[in-house]
Amino acid sequence: MGIKLLLDKAHVEGIRFYDAYRREGGYRSVEKALKMSPNDIVEEVKKSGLRGRGGAGFPTGMKWSFLAKPEGVPRYLVCNADESEPGTFKDRYLMEFLPHLLIEGLIVSSFALGSNRTYIYIRGEYAWIVDILEHAIAEAKANGFLGTNILGSGFDCEIYVHRGAGAYICGEETALLESLEGKRGNPRIKPPFPAIKGLWDSPTVVNNVETLMAIVPIMNMGAEEYAKIGVGKSTGTKLISACGNINKAGVYEIDMTISVEEFIYSDEYCGGIPNGKKLKACIPGGSSVPILPANLLLKTAKGETRYMNYESLADGGFATGSMMGSGGFIVLDEDQCVVRHTYTLARFYRHESCGQCSPCREGTGWMEKILLSLEKGKGKMSDIDLLWDIQRKIEGNTICPLGDAAAWPVAAAIRHFRDEFEWHVLNPEESQTRNFGLAHYADPIHVPTV
Amino acid sequence: MVKFTDDKLAKAKEIIARYPMGKHKSALLPLLHLAQENFGGWLSVEAMDYVAEILNIEAIEVYEVATFYSMYNLKPVGKFIFEVCQTGPCMLNGSDNIIDYIKQKLNIGVGETTADGLFTLKTVECLGACGYAPIMQFGKNYREHLTKERVDQLIEECRNNAATNN
Ligand SMILES: Cc1cc2nc3c(=O)[nH]c(=O)nc-3n(C[C@H](O)[C@H](O)[C@H](O)COP(=O)(O)O)c2cc1C
Ligand code: SF4
Ligand code: FES
């Protein structure tokens with residue numbers, strides 16, 4: 001059994017409520033942190049090697065140390081619970097079952113950053129989770145962990161839940177801040193970065209739910225011990241939400257030392273592909289990261305085993321690798337059509353583009369149209385090159401990374417599955433009933449369970 | 001005239017107080033949710049103007065926000081809304097078939113409402129529940145692992161609910 005730092009208590013009866021949570025050692029990290037200086041906490045987080053779990057993997061301690069601290073200006077911590085990247089559903093699980101772990105992490109982080117008002121920006125669809133979180137906040141407050149002069153430390157803090165209303169773009173941190181200010185979710189031009197000018201023009205840190213929860217074990221066990229878990233620059237544990245064609249879809253906590261093969265096939269994790277089907281492809285880190293065919297997923301281009309960590313998943317760059325991203329692990333079996341799957345993602349990005357930049361606004365719509373016609377067997381060979389050109393013109397030419405996020409899945413699909421796109425053009429009728437591609441399928445593998 | 005009842009107005013005040021003085025515009029999204037829930041599941045111009053009045057902001061500031069976010073309905077909707085996810089991971093698990101089945105069963109297209117005003121069908125993008133696909137949002141909750149039988153059951157439930165509450 002792998003090591004668990006966040007989910008270790010997830011199955012304790014009543015853990016969603018304060019009494020059980022506290023009995024299991026909850027809120028100890030707050031007691032410890034309030035006796036330390038905020039700077040020492042930031043140093044601990046730096047030492048832990050924790051990297052942002054929202055997708056970009058930026059070192060959290062470093063981000064915290066960039067926060068400007070002008071006199072007399074409030075600072076804010078905002079928790080990003082917008083979770084809308086297709087394939088990603090770990091934050092939902094964490095908040096639904098362990099709301100107090102988030103509140104605990106938020107109190108410690110708010111103290112470290114000097115935020116007296118902390119907001120959780122949650123996607124609007126998670127309406128029932130708002131109630132769970134608000135209940136946890138009320139319990140924490142009733143027990144003296146929130147409010148004024150927490151545990152006699154002189155530190156005041158309130159946490160509020162702010163519900164979005166259906167817009168993927170509000171997961172992008174500056175769009176999130178606009179939305180929190182009661183506006184359309186249009187990303188801001190950076191710089192200035194939120195650390196200098198964020199919520200209501202004040203210095204602001206935006207962190208993902210899982211990142212802020214990880215602060216709790218870091219405080220409890222100490223940064224050094226935390227950093228020993230995992231490998232290289234992938235310290236600690238990572239939550240992976242696995243979906244698509246696998247036997248056991250769900251949320252897993254891994255310590256980033258296991259191989260991709262073990263993750264897919266072992267009974268402890270996904271339990272293999274249903275109906276003895278072969279593995280065709282996988283998007284390992286949420287819809288925005290490159291899709292990999294089975295052969296490049298299980299082994300790198302150099303023939304080395306690929307592991308479930310930041311470095312190994314990215315090995316080979318975009319030519320032969322992918323990314324850890326948000327940990328949304330989407331598996332496609334041999335019957336799935338990469339063209340159709342890519343089309344649904346293109347539709348998603350067109351729908352979610354905020355429309356501020358023309359390459360993103362026009363490009364995503366154009367890609368969607370071309371992919372749909374290819375998928376329906378109505379495309380031309382030249383459409384494939386056109387798609388390639390469009391995605392290249394979007395990438396890097398937009399205000400926010402949604403443009404890149406829309407371009408990458410299309411690029412990777414063409415890069416690795418061009419034959420499948422061509423097959424749709426050459427066999428317009430057959431492509432409607434049968435899927436094909438040279439796809440380097442992986443045979444069902446049985447990994448001995450240890 | 002749309003107007004919050006006293007307890008909803010108190011709720012609105014409590015929401016506004018979550019933001020610092022002068023930053024009350026931040027309460028716009030939560031107040032639009034409150035308005036939608038209380039004024040028949042959608043936002044009429046009147047409802048939006050009312051929210052603008054409560055927050056003391058221009059009506060246009062409300063319209064531009066209400067039109068941006070997909071959860072706000074700007075037209076009347078049925079009593080029950082099926083919002084079925086159609087993005088990649090759900091598609092891999094057969095969401096297309098579920099959407100087709102609902103269309104056929106209720107005899108409506110996506111974005112339409114049944115003649116009896118009971119059901120509206122919408123397709124939505126990833127709901128953050130991909131591991132439990134195919135799924136739909138139904139009111140405040142999700143219905144997961146959808147099958148034709150579960151869709152039948154849900155429709156039945158809704159009809160019964162409507163019949164007893166009339
Ligand atoms: C289009 C887009 C959508 C994003 N969606 C999310 C999201 O849903 N949740 C999240 O935590 N980060 C999301 N991010 C990343 C955030 O901008 C930000 O980097 C992150 O919240 C920082 O937290 P971390 O450092 O803890 O990872 C998104 C970024 C982009 C460009
Ligand atoms: S890249 Fe797309 S989503 Fe981002 S700001 Fe430009 S138009 Fe909006
Ligand atoms: S793709 Fe349907 S919930 Fe994510």
Side-chain angles (χ1 to χ4, degrees), chain A residues 74 83-89 91-93 117 119 123-128 131 158 160-168 170 179-186 199-200 241-246 249-251 283 287 328 330-333 336 340-345 347-348 351-352 354 409, chain B residues 14-15 17-20 22-34 36-37 43 51 55 57 61-73 83 85-93 95-96 122-133 135 137 139-142 144-145:
Chain A
E83 188 162 68
S84 318
E85 169 100 348
T88 316
F89 47 99
D91 296 339
R92 164 197 168 173
Y93 186 90
R117 265 176 201 267
Y119 294 91
R123 67 177 295 175
E125 292 86 349
Y126 288 172
W128 75 99
D131 296 344
E158 297 287 351
Y160 300 103
V161 184
H162 182 99
R163 189 174 157 217
Y168 166 69
C170 292
S179 181
L180 188 44
E181 292 180 6
K183 302 182 214 152
R184 295 166 78 94
N186 288 341
L199 183 58
W200 303 307
S241 57
C243 63
N245 305 122
I246 47 169
V251 177
I283 303 178
S287 61
I330 310 169
V331 178
L332 280 70
D333 73 21
Q336 300 298 348
R340 175 148 188 82
H341 193 258
T342 309
Y343 157 67
T344 72
L345 298 185
R347 181 180 60 200
F348 172 84
H351 186 258
E352 303 301 338
C354 84
Chain B
E14 185 259 303
I15 291 171
R18 296 174 188 177
Y19 309 94
K23 311 295 182 197
H24 52 276
K25 187 177 170 182
S26 284
L28 181 51
L29 267 65
L31 289 197
L32 286 175
H33 280 304
L34 194 67
Q36 179 157 299
E37 279 158 30
L43 294 171
V51 169
L55 285 175
I57 58 178
E61 295 178 79
V62 180
Y63 306 158
E64 62 180 18
V65 162
T67 50
F68 184 85
Y69 296 92
S70 65
M71 288 183 77
Y72 299 127
N73 298 316
E83 299 178 79
C85 174
Q86 60 170 352
T87 313
C90 276
M91 187 275 287
L92 296 177
N93 286 291
S95 58
D96 291 350
K122 277 169 91 175
T123 51
V124 292
E125 301 296 343
C126 184
L127 290 169
C130 328
Y132 322 102
I135 78 154
Q137 174 146 38
K140 210 172 172 176
N141 292 290
Y142 289 176
E144 299 170 340
H145 297 298

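Below, read A as the first sequence line, B as the second, and so on, with proteins coming before strands; counting in each chain starts at 1.
- The candidate with the highest count of non-hydrogen atom pairs below 4.5 Å against chain B, out of T342(A), L345(A), T344(A), is T344(A).
- A donor and an acceptor atom, one from each side chain of E83(A) and T88(A), are nowhere located under 3.5 Å apart.
- Heavy atoms of Q137(B) lying under 4.5 Å from chain A belong exclusively to its side chain.
- For a residue to count as touching a neighbouring chain, one of its non-hydrogen atoms must lie under 4.5 Å from one of that chain's; by this rule N141(B) touches chain A with backbone and side chain alike.
- Distance alone, capped at 3.5 Å, places no donor-acceptor pair between the Q86(B) side chain and the S95(B) backbone.
- Within the 3.5 Å criterion, the main-chain N or O of N73(B) finds a donor-acceptor partner in the side chain of Q36(B).
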After noting the C-alpha distance and the side-chain angles of S179(A) and Y69(B), does the key distance pass the side-chain hydrogen bond (donor to acceptor under 3.5 Å, both in side chains) rule?
CA-CA 10 Å; S179(A) 181; Y69(B) 296 92; 3.0 Å; yes
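- Contact of E83(B) with chain A is not made at all, since no heavy-atom distance falls under 4.5 Å.
- The residue among A127(A), G185(A), G124(A) with the most heavy atom pairs within less than 4.5 Å of chain B is G185(A).
- The most heavy-atom pairs under 4.5 Å with chain B, out of S287(A), G166(A), A165(A), come from A165(A).
- Heavy-atom distances place no part of Y168(A) under 4.5 Å from chain B, backbone and side chain included.
- Between chain A and the residues L29(B), I15(B), T67(B), the largest count of heavy-atom pairs under 4.5 Å involves L29(B).
- With ring centers used as reference points, Y142(B) lies 6.0 Å or more from Y132(B).
- For E125(A), the parts sitting under 4.5 Å from any heavy atom of chain B are the backbone and the side chain alike.
- Heavy atoms of A133(B) lying under 4.5 Å from chain A are absent altogether.
- Using a 4.0 Å cut-off between charged side-chain N and carboxylate O, R18(B) and E158(A) make no salt bridge.
- Closest non-hydrogen pair, G244(A) versus N93(B), comes out as O-ND2, 3.6 Å.
- Only the side chain of Y160(A) comes within contact range of chain B, judged by heavy atoms closer than 4.5 Å.
- Comparing C243(A), A242(A), P86(A), P74(A) by how many heavy-atom pairs each has under 4.5 Å with chain B, the most go to P86(A).
- Judged by distance alone, the side chains of Y19(B) and H162(A) do bring a donor and an acceptor atom under 3.5 Å apart.
- Contact check for L199(A) versus K23(B): no side-chain heavy atoms found under the 4.5 Å cut-off.
- Interface summary for chain B: among K183(A), H351(A), R123(A), E352(A), the most heavy-atom pairs under 4.5 angstrom belong to R123(A).
- Neither the backbone nor the side chain of D91(A) comes within contact range of chain B, judged by heavy atoms closer than 4.5 Å.
- No part of Y343(A) comes within reach of chain B, as not one of its non-hydrogen atoms sits under 4.5 angstrom from that chain.
- Without hydrogens or angle criteria, R92(A) side chain to Y126(A) main chain gives no donor-acceptor distance under 3.5 Å.
- Listed options R340(A), Q336(A), R117(A) were ranked by heavy-atom pairs under 4.5 angstrom with chain B; first place goes to R117(A).
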